[in-house]
Amino acid sequence: MIAAGGASLTTTLLSRAPKDLLVDDTGRSGVERVLIADDHPLVRDGLRTVIAVAFDQADLFEASSVAEAIEIIERERDFDLVLLDLNMPDAQGFSGLVALRSRFPALPVVMVSAAVDGQVVGAAIANGAAGFIPKSLKRSQIVAAIQSILAGNIYVPEDFAPPAGATGEIEDIRRRLDTLTPQQRVVLGLVVAGKLNKQIAYELDVSMTTVKAHVSAILAKLNVYSRTQAVILANRIGFIPPQ
């Protein structure tokens, strides 16, 4: 985890981001498409500056409302990441996050906000956010946070204290897994085993479309945004797939 800190986003990010913030030593980008959804043009410009340099092969898109973000995702498809401002003009509380997670369960949506209250962070994660990035973070910290999320982690500020009741997390995971159908549990077992969609389709003698539908349903029911997170949850409780 990385502690929040540094100057405000609109003043810090508009300066040129250092070129040593690439994903790896080869200069290859780990992300191809990012959507920045914020109603403030200066914030969008700041995030675009950082991401364009750190992930130099990425195609960047911008939206000023949740409705516009949904329209862009439905039109363009295949985004790797959405950075969503907490306070959007056409959303109340986490309704924008919930709308995106409901429509696109496999898409990582990261909340970006000037508010870093523990309850706000906890609520964002509880509503399915892939992470919570304060606008006060330095450029290098924002890049590190995005890299962590792309690696399958849920990012929160270092000084965030988990809310009371976190001890019931294991039982919550079990309850989510119990909502899976028998076929979905079989597919999840193959995902945990490291099988690709085409391998799962071959083993179960079904189409790729069917496998993708099962995987999307699994992600939605487990309230996670990636196969990696589904595997992490399954391993947390020692998930044993049906034989």
Side-chain angles (χ1 to χ4, degrees), residues 1-6 9 13 17 21-24 28-38 43-44 46-63 69 73 78-86 94 96-98 100-101 103-116 118 120-160 162 169 191 215-216 218-220 222-236:
M1 299 298 178
I2 304 168
L9 186 69
L13 300 187
L21 295 180
L22 297 174
V23 173
D24 55 38
R28 293 174 299 182
S29 172
V31 58
E32 295 180 357
R33 280 187 164 191
V34 176
L35 173 60
I36 302 168
D38 196 297
V43 174
R44 295 199 304 270
L47 287 171
R48 172 182 281 274
T49 299
V50 171
I51 296 172
V53 175
F55 306 95
D56 60 344
Q57 300 299 313
D59 291 327
L60 303 180
F61 296 77
E62 297 182 15
I73 297 169
D78 299 327
F79 279 91
D80 297 292
L81 192 70
V82 174
L83 299 176
L84 175 67
D85 182 34
L86 175 60
F94 295 99
L97 169 63
V98 171
L100 289 175
R101 292 288 293 121
R103 285 175 176 262
F104 316 104
L107 177 60
V109 180
V110 180
M111 299 305 300
V112 181
S113 177
V116 197
V120 174
V121 177
I125 302 304
N127 280 285
F132 190 100
I133 298 179
K135 291 183 178 180
S136 59
L137 287 187
K138 297 177 181 178
R139 296 171 300 187
S140 59
Q141 292 175 317
I142 290 174
V143 174
I146 292 174
Q147 290 173 337
S148 178
I149 292 164
L150 293 172
N153 301 307
I154 294 178
Y155 176 86
V156 294
E158 188 177 63
D159 54 358
F160 166 67
E169 182 181 3
V191 170
V215 171
S216 291
I218 290 168
L219 297 179
L222 296 185
N223 195 26
V224 295
Y225 62 88
S226 70
R227 294 164 67 103
T228 301
Q229 279 296 313
V231 170
I232 291 173
L233 285 189
N235 288 336
R236 287 283 301 276

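FYI, the numbering just counts along the sequence from 1.
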message: One pair to check against side-chain contact (heavy atoms from CB on, under 4.5 Å): F55 and D80. What are the steps and the verdict?
response: CA-CA 12 Å; F55 306 95; D80 297 292; over 6 Å; no
query: What are the two closest non-hydrogen atoms of T228 and A151, and how far apart are they?
result: CG2-O, 4.1 Å
- prompt: What closest approach, in Å, do V110 and A130 show between heavy atoms, and which atom pair accounts for it?
  reply: CG2-CB, 4.2 Å
- prompt: Between R227 and V215, is a side-chain contact (heavy atoms from CB on, under 4.5 Å) present by the stated rule, with each step listed?
  reply: CA-CA 8 Å; R227 294 164 67 103; V215 171; 4.0 Å; yes
message: Within the structure provided, determine whether L83 and I51 are in side-chain contact (heavy-atom separation under 4.5 Å).
response: yes
- prompt: For L219 and S226, which heavy atoms make the closest approach, and how far apart are they?
  reply: CD2-O, 3.3 Å
Heavy-atom closest pair, residues Y225 and N153: OH-O, 2.8 Å
- prompt: So do Y155 and I146 actually touch side chain to side chain, heavy atoms under 4.5 Å?
  reply: no
Contact summary for P157 and P134, nearest pair of heavy atoms: CG-CG, 3.6 Å
- request: Measure the shortest side-chain to side-chain distance between E32 and D78 over non-hydrogen atoms and say whether it is less than 4.5 angstrom.
  value: no
- prompt: How far apart are the closest heavy atoms of A124 and M111, and which atoms are they?
  reply: CB-CG, 3.8 Å
message: Using 0.5 Å steps for rounding, measure from the CD1 atom of I36 to the CG atom of L84.
response: 12.0 Å
query: Any side-chain heavy atom of I142 within less than 4.5 Å of one from I133?
result: yes
query: Quick one: does R103's side chain have a donor or acceptor within less than 3.5 Å of a partner on V98's backbone?
result: no
Beyond-backbone contact of F94 with L86, side-chain heavy atoms, under 4.5 angstrom: yes
field: K135 side chain near V112 side chain, heavy-atom distance below 4.5 Å
entry: yes
message: Looking only at the aromatic ring of each residue, does the gap between the centers of F61 and F79 stay below 6.0 angstrom?
response: yes
message: Quick one, V109 and F104 - any side-chain contact, counting heavy atoms below 4.5 Å?
response: no
query: For the side chain of D38 and the backbone of D85, is there at least one donor-acceptor N/O pair under 3.5 Å apart?
result: no
- request: Tell me, with the steps shown, if N223 and R101 meet side-chain contact (heavy atoms from CB on, under 4.5 Å).
  value: CA-CA 8 Å; N223 195 26; R101 292 288 293 121; 3.4 Å; yes
